[in-house]
Amino acid sequence: MKIDLTKPEAFEELKAVQALMLVMDPELGINIVDMGLIYHLDLTDPSCIVVTMTLSSAYCPMGDSIVQGVENTLQQQFPNKAIVINLVWEPIWTPDRISEEGKILLDRG
């Protein structure tokens with residue numbers, strides 16, 4: 001996930017990404033950022049964080065748990081902001097979205 005360090009909200013976006021790296025996909029055992037499930041973070045509104053994300057499939061049995069993990073983790077890091085999660089299915093998630101670090105972590109498992 002790339003962060004434009006020239007944006008005024010870059011520091012908070014980096015903090016949000018680091019927090020989201022604590023949320024694990026329980027089936028694969030890697031974090032959801034390296035899994036490629038986070039498509040976009042919008043922190044331009046100082047009162048909220050908008051997360052655009054997907055799951056590995058619409059039938060992911062751990063989907064509710066992952067989404068709740070995103071909300072809880074961000075709420076802990078940013079207690080004064082509302083957390084809005086947009087769960088999308090386009091573009092469809094594929095294993096190609098797994099980061100190089102994620103692929104290394106999966107090979108170790």
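For Met62 against Glu27, the heavy-atom pair with the smallest separation is CG-CG, 4.1 Å. What you find for Lys81 and Cys48 is that their closest heavy atoms are CB-CA, 4.1 Å. Across all their heavy atoms, Leu74 and Ala19 have their closest contact at CD2-CB, 4.5 Å. In this structure, Leu55 and Gly63 approach most closely via the heavy-atom pair CD1-CA, 3.5 Å. Residues Ile32 and Met24 approach most closely at CG2-C, 4.2 Å, considering heavy atoms.
Using a 4.5 Å heavy-atom cutoff, the side chains of Met21 and Asp34 are in contact. In this structure, Met53 and Ile66 have side chains that are in contact, with non-hydrogen atoms separated by less than 4.5 Å.
In this structure, Trp89 is a member of the same hydrophobic cluster as Ile38, with clusters built from ILVMFWY side-chain heavy atoms closer than 4.5 Å. Val88 and Trp93 fall within a single hydrophobic cluster, where Ile, Leu, Val, Met, Phe, Trp and Tyr side chains are chained together by heavy-atom contacts under 4.5 Å. When the side chains of ILVMFWY residues are joined at heavy-atom separations under 4.5 Å, either directly or via intervening members, Leu14 and Val70 end up in a single hydrophobic cluster. Under the 4.5 Å side-chain heavy-atom criterion for Ile, Leu, Val, Met, Phe, Trp and Tyr, Val50 and Phe78 are members of distinct hydrophobic clusters. Hydrophobic clustering (ILVMFWY, side-chain heavy atoms < 4.5 Å, transitive): Phe11 and Leu20 are in distinct clusters.
With rounding to the nearest 0.5 Å, the separation of CD1 in Ile83 from CD in Gln75 is 5.0 Å. A distance of 7.5 Å separates CG in Leu22 from CD in Gln77, rounded to the nearest 0.5 Å. Considering CD of Glu9 and CD1 of Ile3, their distance stands at 10.5 Å, rounded to 0.5 Å. A distance of 13.0 Å separates NZ of Lys2 from CD of Glu13, quoted to the nearest 0.5 Å. Interatomic distance, NE2 of His40 versus CG of Asn86, reported as 10.0 Å (0.5 Å rounding). The line from NZ of Lys7 to CG of Leu43 is 7.5 Å long, rounded to the nearest 0.5 Å.
Open room surrounds CG on Asp64; 12 or fewer heavy atoms of other groups in view lie less than 6.0 Å from it.
Remark: Glu100 pairs with Lys103 by the salt bridge (Lys or Arg N to Asp or Glu O under 4.0 Å) rule, at least two apart or across chains.
Side-chain contact, Asn72 with Gln68: a donor N or O sits under 3.5 Å from an acceptor N or O.
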